[in-house]
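Heads up: the structure comes next, in structure tokens.
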Amino acid sequence: MSAHIIHDTAPLGALIRYTDHAPKPPARFTKKLAAWERRNGVGRLVKKEPARERPTYSSPASITLHEGNFASAGVILVTVMRTHSVDSDLSFEIAERPVVGMVRVIRDSAGNSELVHLAESREAAELWLAKNRHSAARLEEVTAEEIGADVVEGRAAA
């Protein structure tokens, strides 16, 4: 499916796989392998940006995927995020959806929602939020109605 479909249908917190369908090069070709890894990977959907029209520029809608963190001694040093335009030539698929009972920690800024953390339960989300202060953060539980709407609308199949 396209990035546009992911933008319109995938819930925040879903694991998204993207690919350009090229075969993975052997490890000895480090530059080719690095280029392949930039166009093939998996990330958690953390933000959906709408298209923007300004007098001096315009930008298409986009999705942002959290691909991982690099940490040392329990401290996150670098967070890897990748933003894809809905015009991207890559193919996307929903690898995993959040399950009922999970809780999203959402931060609202500039009219957009951004997933900050996905917890297994409300208690875990509140504990995480107490340890990691975020202004304007709110908790949003994944409900059976949300999952049911995905099934009815044909979005349940990954």
Side-chain angles (χ1 to χ4, degrees), residues 1-25 27 32-53 58-71 76 78-129 132 134 136-158:
M1 59 179 76
S2 69
H4 196 283
I5 294 172
I6 295 294
H7 182 274
D8 291 344
T9 62
L12 288 179
L15 260 170
I16 307 297
R17 183 175 294 117
Y18 60 94
T19 182
D20 62 0
H21 300 291
K24 184 175 182 179
K32 288 182 182 180
L33 182 59
W36 181 88
E37 287 173 345
R38 282 190 295 275
R39 296 186 49 85
N40 297 272
V42 176
R44 189 157 309 274
L45 181 61
V46 294
K47 189 191 286 188
K48 300 177 189 183
E49 291 275 344
R52 296 181 190 236
E53 294 292 328
S58 64
S59 64
S62 64
I63 59 173
T64 301
L65 305 177
H66 176 258
E67 293 192 354
N69 296 321
F70 291 97
I76 296 173
V78 176
T79 298
V80 179
M81 303 277 216
R82 226 177 268 286
T83 299
H84 299 278
S85 164
V86 295
D87 299 337
S88 175
D89 62 340
L90 300 175
S91 294
F92 294 81
E93 73 172 312
I94 300 172
E96 177 184 298
R97 294 176 180 276
V99 297
V100 175
M102 288 183 130
V103 176
R104 299 178 186 105
V105 179
I106 306 274
R107 180 178 57 203
D108 294 318
S109 63
N112 283 331
S113 297
E114 179 180 0
L115 178 72
V116 181
H117 182 69
L118 184 63
E120 294 295 320
S121 66
R122 180 165 287 280
E123 181 180 289
E126 289 171 350
L127 181 63
W128 184 89
L129 196 53
N132 303 277
H134 284 277
R138 62 182 164 83
L139 302 180
E140 181 180 281
E141 190 166 340
V142 177
T143 63
E145 291 82 24
E146 177 183 333
I147 303 300
D150 287 348
V151 171
V152 168
E153 295 175 11
R155 297 185 294 211

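Please read these numbers as outputs of a predicted model, since none were measured by experiment. For the single chain, residues carry numbers from 1 onward in sequence order.
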Tell me which donor-acceptor pairs under 3.5 Å the side chains of residues 101-108 have, and how far apart each pair is, sequence neighbours excluded?
unit_1 : atom_1 : unit_2 : atom_2 : d
Arg104 : NE     : Leu12  : O      : 2.7
Arg104 : NH1    : Glu140 : OE2    : 2.9
Arg104 : NH1    : Glu146 : OE1    : 3.4
Arg104 : NH2    : Leu12  : O      : 3.4
Arg104 : NH2    : Glu146 : OE2    : 2.6
Arg107 : NH1    : His134 : ND1    : 3.3
Arg107 : NH2    : Glu114 : OE1    : 3.1
Asp108 : OD1    : Ser113 : OG     : 2.8
Asp108 : OD1    : Arg138 : NH2    : 3.3
Asp108 : OD2    : Arg138 : NE     : 2.9

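- For the 3.5 Å distance criterion, the side chains of Thr83 and Thr64 qualify, holding a donor opposite an acceptor.
- Note that the OG atom of Ser121 and the CD atom of Glu141 stand 9.0 Å from one another [nearest 0.5 Å].
- The CD atom of Glu96 sits 10.0 Å away from atom CD1 of Ile16, with the distance rounded to the nearest 0.5 Å.
- Relative orientation of the Tyr18 and Phe92 rings is tilted, given thresholds of 30° and 60° on the angle between their planes.
- Using modelled atom types, one side-chain atom of Asp20 and one backbone atom of Ala22 make a donor-acceptor pair closer than 3.5 Å.
- Residue Glu120 places its CD atom among 12 or fewer non-hydrogen atoms of other residues, nucleotides or ligands, all under 6.0 Å distant.
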Could you go through the side-chain contact (heavy atoms from CB on, under 4.5 Å) check for His117 and Asn132 one step at a time? CA-CA 10 Å; His117 182 69; Asn132 303 277; over 6 Å; no
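- In this structure, the separation between NE2 on His7 and OG1 on Thr9 is 10.5 Å, given to the nearest 0.5 Å.
- The shortest heavy-atom contact between Ile94 and Ala10 is CD1-CB, 3.9 Å.
- The shortest heavy-atom contact between Leu45 and Leu65 is CA-CD2, 3.8 Å.
- Nearest approach of Ile6 to Ile63, heavy atoms of both residues: CG2-CD1, 3.8 Å.
- When each of Arg44, His66, Lys47 is tested with Leu115 by the rule side chain to side chain contact (heavy atoms under 4.5 Å, CB included), just one qualifies, namely Arg44.
- Between Pro98 and Pro11 the shortest heavy-atom distance is CD-CG, 4.0 Å.
- Residues Ser85 and Pro60 come closest through the heavy atom pair OG-CG, 3.3 Å.
- Here the OG atom belonging to Ser91 is positioned 10.0 Å from the CE atom belonging to Met1, to the nearest 0.5 angstrom.
- Distance check: Arg38 CZ to Leu90 CG gives 12.5 Å after rounding to the nearest 0.5 Å.
- Using a 4.5 Å cut-off on side-chain heavy atoms (C-beta onward), Asp89 and Arg39 make contact.
- Here the side chains of Lys48 and Asn112 are not in contact, with every heavy-atom distance at 4.5 Å or above.
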